[in-house]
Number of protein chains: 2
Amino acid sequence: MKIKCCKTNLMAVHDTMDVLKGRWKIQIIAALCYDKMRFSELQKEIDGISAKMLSSELKELEFNHLLKRTVLQTQPITVEYELTEYGLTLKKVIETLADWGIKHRKQIVGEIADN
Amino acid sequence: MKIKCCKTNLMAVHDTMDVLKGRWKIQIIAALCYDKMRFSELQKEIDGISAKMLSSELKELEFNHLLKRTVLQTQPITVEYELTEYGLTLKKVIETLADWGIKHRKQIVGEIADN
DNA sequence: CCGCATCCCGATAGATACTG
DNA sequence: CAGTATCTATCGGGATGCGG
């Protein structure tokens with residue numbers, strides 16, 4: 001079976017990015033990859049995100065069954081977010097992206113040093 | 001050495017997405033993963049992209065040394081695009097994304113069948 | 001603390017027409 | 001064929017204020 005047909009690959013990649021589209025979703029998932037987090041913790045962790053964006057991106061991810069939202073009846077209320085089992089299948093994707101990012105940063109640093 | 005620190009991962013993922021940001025870049029790279037292509041071939045392959053977007057996204061990818069642009073002195077002129085050696089290092093990333101997309105599509109189809 | 005509603009602006013994408 | 005120019009529509013996303 002030939003998976004590596006170009007058109008097939010394009011469609012598949014498109015499907016994935018459709019779920020992960022938007023400026024913050026990938027970072028949100030990356031943040032939740034190893035631990036559940038509360039709303040305010042997420043906002044602290046993800047540099048530059050506003051409450052509005054965090055809220056709407058979380059909602060979309062929840063809609064796609066990638067994460068679970070749990071309201072804790074504390075005073076005041078707190079909300080925990082964690083990846084679902086399905087969301088965890090993205091862990092490998094995130095790790096691959098992170099690996100490349102680390103190499104890429106080294107590459108950039110090297111280029112600057114060459115000047 | 002602990003790579004799986006959350007903050008480190010977030011930064012690395014962000015670095016990668018910084019290079020791949022925009023609606024079309026990932027699909028362009030996916031299209032070029034297995035073969036060089038001409039401008040019009042790319043436009044045919046990538047569903048819905050306009051010449052303007054293709055042009056500007058290609059320019060940014062070239063700027064980041066991910067692909068190489070070759071003008072062929074045919075009549076009329078043709079231009080070939082191909083991934084650089086550095087761009088090819090993204091192949092694994094693309095494949096991981098494609099794999100997940102394929103699984104995800106099955107998942108969606110399954111959910112619809114459940115109704 | 002969490003997060004919705006509203007207003008607003010600038011960036012970006014798309015359509016269309018044009019050029020070497 | 002491989003783009004560029006221009007115009008317009010759309011959308012991301014910030015600021016602020018409110019409510020549970």
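The chains referred to below are lettered A, B, ... by the order of the sequence lines, with proteins before strands, and numbering in each begins at 1. Side chains are part of it too, since the values below use all heavy atoms of this structure and drop only hydrogens, waters and symmetry mates.
Side-chain contact between A:Thr16 and B:Ile26 is absent, with no heavy-atom pair separated by less than 4.5 Å. Looking at A:Met37 and A:Glu45, their side chains come closer than 4.5 Å, going by heavy atoms from C-beta outward.
Across all strands shown, A:Lys21 has no heavy atoms under 4.0 Å from either base or sugar-phosphate atoms. At the heavy-atom level, B:Ser50 lies nowhere under 4.0 Å from the strands shown.
The existence of a salt bridge linking B:Glu62 and B:Lys68 is excluded, since no basic side-chain nitrogen approaches an acidic carboxylate oxygen closer than 4.0 Å. Salt bridge B:Lys25/B:Glu57: present, at least one basic N to carboxylate O contact under 4.0 Å.
The phosphate of C:dC2 has neither OP1 nor OP2 within less than 4.0 Å of any side-chain N or O from A:Arg69.
Between the CG atom of A:Leu54 and the P atom of C:dG3 there is a distance of 8 Å, given to the nearest Å. The distance from atom NZ of A:Lys59 to atom P of C:dG3 is 9 Å, rounded to the nearest whole Å. Between A:Gln73 atom CD and C:dC1 atom P there is a gap of 16 Å when expressed in whole angstrom units. Residue A:Glu57 contributes atom CD, which lies 17 Å from atom C1' of C:dC2 at whole-angstrom precision.
Nearer the 5' end of DNA chain C, as judged by each residue's closest nucleotide, is the contact made by B:Ser56, out of B:Ser56 and B:Ala51. Summary of the strand contacts: B:Thr78 and A:Arg23 both lie near DNA chain D, and taking for each the nucleotide with the nearest heavy atom, the more 5' one is attributed to B:Thr78. Checking A:Glu41 against B:Ile49, the closest nucleotide of DNA chain C that is more toward the 5' end is the one next to A:Glu41. Where A:Pro76 and A:Trp24 meet DNA chain D, the nucleotide closest to each residue was compared, and A:Trp24 sits on the side nearer the 5' end.
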Derivation of the salt bridge (Lys or Arg N to Asp or Glu O under 4.0 Å) call for B:Arg38 and B:Glu80
CA-CA 4 Å; B:Arg38 289 183 305 124; B:Glu80 270 182 3; over 6 Å; no
Between A:Leu61 and A:Leu83, is the side chain to side chain contact (heavy atoms under 4.5 Å, CB included) condition met? List the steps.
CA-CA 9 Å; A:Leu61 289 172; A:Leu83 294 184; over 6 Å; no
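Taking 3.5 Å as the limit, the base of C:dG14 and the side chain of B:Lys52 contain a donor-acceptor pair of atoms between them.
With a cutoff of under 4.0 Å to any heavy atom of chain A, the contacted region of DNA chain D is bounded 5' to 3' by D:dG13 to D:dA15.
Linking ILVMFWY residues whenever their side-chain heavy atoms come closer than 4.5 Å, directly or via other members, leaves B:Met11 and A:Ile94 in distinct clusters.
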